Asker: 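Quick one: this structure, given as structure tokens, is what I'll be asking you about.
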Amino acid sequence: MRRGTWRDAFSRRNLADTLLTGYLPILIALLIIVLPLAWMISSSFKPVNEIVTLEPSFLPNDPTLSNYETVDRRIPLLQVFQNSVIVTTVGSTIKVLLAITTAYALVFIRVPGANIIFLGILVALMVPPEVSMLPNFMTIEALGGRDTLWGIILPGLGTAFGTFLLRQHFKSLPKELFEAADLDGAGHFRKLFQIAVPVSMPAIATVTLVTVVNEWNSFLWPLIITDTRETMTLPVALNQLRSVEDDVASYGILMAGAVLVIVPMLIIFACLQRYIVAGLTQGAVK
């Protein structure tokens, strides 16, 4: 059967279907998702008189960096940014490694009670993190981790979502690859890092992106466990900025702070997007 062409899609017979079921939903979704982000970035470069006005414009008429300078004056920007980078990097790295090794063990190693362990992981996916907030706080405080970076990182090192996703992916890998490795005398370490990980990069990239975003945007737990600005992460410090700037003239400053939180994640997504797209399309065509 001949596949439809671009001309067929925009022919008089198919034009309405193409627009209503294709381009119109995409355009609406694009406006809903992209327009607020674009407006936020644009507003972060606007002076107050261009934000609080009866005749707003999308692009700034007189671009300025004063909003970012104000953010830097009100909070120790470099310090809290460094804290967020450390917490995100260390926490995400350990989480992804634990997810990979745990998922491999559940699939390829005959762990006693593996099904019960997996059931526990599924239950953990359904339990809201707020339930464990108080026990975690009491434990970390007893260990002396209050107002420290490792106190922020430690309670969230387990990742039920990453383990679940990678387990399901590992179960779909061809068994012949691992049988051939067994014939070559390969142990589990080699089979994991020379076979399972290389062929699972799209799935691992997806888990990495979700983990990094969650770590970077984490707000409630760092807010509870930290007391001083020296150990606060970027979202917590920017919340303090909101408490200081509590009038309409602060909109540009708050927009600048939001941009500082979002831009690093956009850069990471740009770096991982080819792996994520490959993971979404993997197995779609036989």
Side-chain angles (χ1 to χ4, degrees), residues 19 23-89 91-92 149 152 205-206 208-220 222-223 226 228-277:
L19 294 178
Y23 284 88
L24 184 60
I26 292 175
L27 180 61
I28 293 174
L30 189 65
L31 290 175
I32 293 174
I33 296 172
V34 175
L35 188 59
L37 291 176
W39 184 266
M40 178 188 67
I41 295 173
S42 176
S43 297
S44 69
F45 294 99
K46 291 180 180 179
V48 177
N49 62 332
E50 292 188 26
I51 298 177
V52 186
T53 177
L54 296 177
E55 298 179 356
S57 60
F58 185 77
L59 296 176
N61 297 319
D62 186 19
T64 177
L65 293 175
S66 61
N67 294 322
Y68 292 93
E69 294 171 354
T70 303
V71 172
D72 190 34
R73 287 197 306 270
R74 297 293 172 87
I75 62 174
L77 189 57
L78 291 179
Q79 179 65 53
V80 297
F81 189 86
Q82 176 181 310
N83 292 341
S84 285
V85 170
I86 293 174
V87 169
T88 302
T89 302
S92 299
L149 295 183
I152 300 175
T206 303
T208 301
L209 178 64
V210 173
T211 304
V212 168
V213 171
N214 288 338
E215 288 290 311
W216 181 265
N217 293 332
S218 179
F219 172 74
L220 187 56
L223 175 66
T226 57
T228 62
R229 290 188 172 185
E230 286 71 23
T231 55
M232 286 181 179
T233 56
L234 189 56
V236 177
L238 291 177
N239 179 67
Q240 286 198 337
L241 181 67
R242 176 66 182 90
S243 300
V244 174
E245 298 290 341
D246 202 18
D247 57 86
V248 294
S250 68
Y251 289 159
I253 300 171
L254 298 176
M255 294 294 182
V259 169
L260 293 174
V261 174
I262 291 174
V263 166
M265 295 300 99
L266 294 178
I267 295 174
I268 292 176
F269 177 79
C271 296
L272 297 178
Q273 65 171 337
R274 66 189 184 97
Y275 294 106
I276 296 171
V277 171

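All figures in this text were calculated on a predicted structure; none of them were measured in a lab.
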Asker: For the residue pair Arg229 and Asn83, what are the closest heavy atoms and their distance?
Answerer: O-ND2, 4.1 Å
Asker: Please round to the nearest 0.5 Å and tell me the distance separating atom CD of Glu50 and atom CG of Asn61.
Answerer: 4.5 Å
Asker: Between Ala237 and Ile75, what is the shortest heavy-atom contact and its length?
Answerer: O-CG2, 3.7 Å
Asker: When you compare the side chain of Leu77 with that of Leu234, does any pair of heavy atoms fall below 4.5 Å?
Answerer: yes
Asker: Apply side chain to side chain contact (heavy atoms under 4.5 Å, CB included) to the pair Val213 and Phe269, showing each step before the final yes or no.
Answerer: CA-CA 9 Å; Val213 171; Phe269 177 79; over 6 Å; no
Asker: Any non-hydrogen side-chain atom of Val71 less than 4.5 Å from a side-chain atom of Leu238?
Answerer: yes
Asker: Hey, is CG on Leu78 packed in by over 12 heavy atoms from elsewhere, all under 6.0 Å?
Answerer: no
Asker: When rounded to the nearest 0.5 angstrom, what is the spacing between SG in Cys271 and CG in Leu266?
Answerer: 11.0 Å
Asker: With Val212, which of Thr88, Thr89, Asn217 fulfils side-chain contact (heavy atoms from CB on, under 4.5 Å)?
Answerer: Thr88
Asker: Give me the atom names and distance for the closest heavy-atom approach of Glu215 to Ser92.
Answerer: CG-OG, 3.5 Å
Asker: Using 30° and 60° as the class limits, which term best fits the ring planes of Phe81 and Trp216: parallel, tilted or perpendicular?
Answerer: perpendicular
Asker: Does some side-chain heavy atom of Ser84 sit less than 4.5 Å from a side-chain heavy atom of Pro235?
Answerer: yes
Asker: How long is the span from the CD1 atom in Ile268 to the OG1 atom in Thr208, to the nearest 0.5 Å?
Answerer: 10.0 Å
Asker: Work out which heavy atom in Ala258 is nearest to a heavy atom in Met40; give both atom names and the distance.
Answerer: CB-SD, 3.5 Å
Asker: For the atom pair CG (Leu35) and CD1 (Ile33), what is the distance rounded to the nearest 0.5 Å?
Answerer: 11.5 Å
Asker: At what distance, to the nearest 0.5 angstrom, does CG of Leu260 lie from CG of Asp72?
Answerer: 9.0 Å
Asker: Are any non-hydrogen side-chain atoms of Tyr251 and Asn67 less than 4.5 angstrom apart?
Answerer: no
Asker: Does the Thr226 side chain pair with the main chain of Thr231, one donor and one acceptor, at a distance under 3.5 Å?
Answerer: no
Asker: Can you give me the closest heavy-atom contact between Pro222 and Ile152, atom names plus distance?
Answerer: CG-CG2, 3.9 Å
Asker: Could you tell me the separation between the NZ atom of Lys46 and the OG atom of Ser66, rounded to the nearest 0.5 Å?
Answerer: 13.5 Å
Asker: Compare all side-chain heavy atoms of Phe45 with those of Thr64 and state whether any distance is below 4.5 angstrom.
Answerer: no
Asker: So does Ile253 get a backbone contact from the side chain of Thr70, meaning a donor-acceptor N/O pair under 3.5 Å?
Answerer: no
